[in-house]
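These notes concern the structure reproduced below.
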Amino acid sequence: MVRKALPQGLRWLPGLLDPDEQLALRDAIRAVVRAAPLITPCMPRSGRPLSVRMSNCGPLGWVSDETGYRYQPTHPETGAPWPAMPLLLLDIWARLSGYPHPPEACLINFYGPGARLGLHQDRDERDFAAPVVSVSLGDTCRFRVGGTRRSDPTQSFRLASGDVVVLGGESRLAFHGVDRVLTGTSRLLPQGGRLNLTLRRVNPASEAP
Ligand code: MD6
Ligand code: FE
C-alpha cells in the first residue's frame with residue numbers, strides 16, 4: 001500500500017509507551033476518574049450528547065455543554081478541582097512538546113461500544129504555540145487527519161495502545177477525528193474500549209497563573 005506522507009507537524013510515535021508504562025498510566029487514569037467521574041458532554045446549541053465520555057486532570061479541564069466549549073478549573077458536576085496530572089504525562093509532555101512550560105489541561109476521552117468523534121479542530125485554547133500531545137490506551141482506533149480546512153483531503157491510520165501523536169506546527173489546527181474503535185484489539189482495559197489523553201496548553205505562558 002502506498003501511504004501518503006503524514007501532514008507537516010504531525011508526529012506519530014507508535015508504541016512509545018511500553019506495556020508496563022501503559023499499565024501504570026491506566027491505573028493512574030482510573031484513580032483520576034474515580035475522583036472526577038466521566039461525564040457525557042453535549043454539543044453547544046443542539047444539546048445533542050456526544051458518544052465519547054469525558055473527564056480531565058490538571059489545573060484546567062475542557063468541558064462542553066449547551067452554553068459552549070470552555071476550559072474551567074472544576075468538574076461541572078462535583079464542583080471539585082480536577083485531579084492532578086499523572087507524572088508520566090508531565091514527563092511525556094516535557095520530552096515531546098518542545099514547549100518550555102507544563103501542560104495546563106489533560107482531556108480524558110473514553111470510547112465505549114460504538115463511540116466515535118467527528119472531524120474537529122482543537123481551537124479553544126488561547127495559545128497555539130504549544131502542540132497538543134495525545135496518548136492512546138486500550139483498543140485500537142482508526143484516526144483521521146486532514147488539513148486546516150474542513151474540506152481538505154484526509155488520510156487515516158490506526159492508533160494502538162501506547163501510541164502517541166503530536167499535533168504541532170502546521171498541524172496544530174488540522175482537522176482530525178476518530179472514525180471508529182476496533183473492539184477487542186487490546187486487553188489493557190478489562191471492560192474493553194479506548195482511552196485517549198490529550199495534553200494541552202491553554203493560556204500563553206506569560207499569562208499563566
Ligand atoms: C482521540 N484525539 O484520539 C481524539 N486532538 O480520541 C484528538 O481529538 C486529538 O489525538 C488533538 C491532538 C491529537 C489528538
Ligand atoms: Fe482533538
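Order of appearance sets the numbers: ligands from 1, and atoms from 1 within every ligand. All residue numbers refer to positions in the sequence shown, counting from 1.
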Only one of L107, V63, D124 passes side chain to side chain contact (heavy atoms under 4.5 Å, CB included) with Y71; say which it is.
-> D124
For [atom], what is the closest protein heavy atom, and at what distance to 0.1 Å?
| atom | value |
| --- | --- |
| atom 2 (N) of ligand 1 | N196 OD1, 3.5 Å |
| atom 5 (N) of ligand 1 | H176 NE2, 2.7 Å |
| atom 14 (C) of ligand 1 | S134 CB, 3.6 Å |
| atom 3 (O) of ligand 1 | R194 NH2, 2.9 Å |

With heavy atoms under 4.0 Å as the rule, classify the contact between V52 and ligand 1 as side chain, backbone, both or neither.
-> neither
Logged contact type for L167 with ligand 1, heavy-atom cut-off 4.0 Å, is side chain
Identify, by name, the N, O or S atom of D122 lying closest to the Fe ion (ligand 2).
-> OD1
Is R172 salt-bridged to E125, going by a charged N under 4.0 Å from an acidic O?
-> yes
In Å and rounded to the nearest 0.5 Å, what is the CG to CG distance from L159 to L137?
-> 11.5 Å
H120 atom NE2 and H176 atom NE2 as seen from the Fe ion (ligand 2), angle to 10 degrees = 80°
Determine whether a donor-acceptor pair (N or O, by modelled atom type, separation under 3.5 Å) exists between the side chain of [X] and the backbone of [Y].
| X | Y | result |
| --- | --- | --- |
| S55 | I108 | no |
| Q8 | E170 | no |
| D163 | G15 | yes |
| D152 | T148 | yes |

Under 4.0 Å from any heavy atom of [X], which atoms of ligand 1 are there?
| X | result |
| --- | --- |
| L117 | 4 (C), 8 (O) |
| D122 | 5 (N), 11 (C) |
| T198 | 5 (N), 9 (C), 14 (C) |
| Y111 | 1 (C), 4 (C), 6 (O) |
| H120 | 8 (O) |

With salt bridge (Lys or Arg N to Asp or Glu O under 4.0 Å) as the test, would you mind laying out the steps for D179 and R144 before giving the verdict?
-> CA-CA 7 Å; D179 293 354; R144 184 164 295 281; 3.0 Å; yes
Side-chain contact, heavy-atom cut-off 4.5 Å: L96 with L13?
-> yes
Out of L10, V132, D163, whose heavy atom is nearest to atom 12 (C) of ligand 1?
-> V132
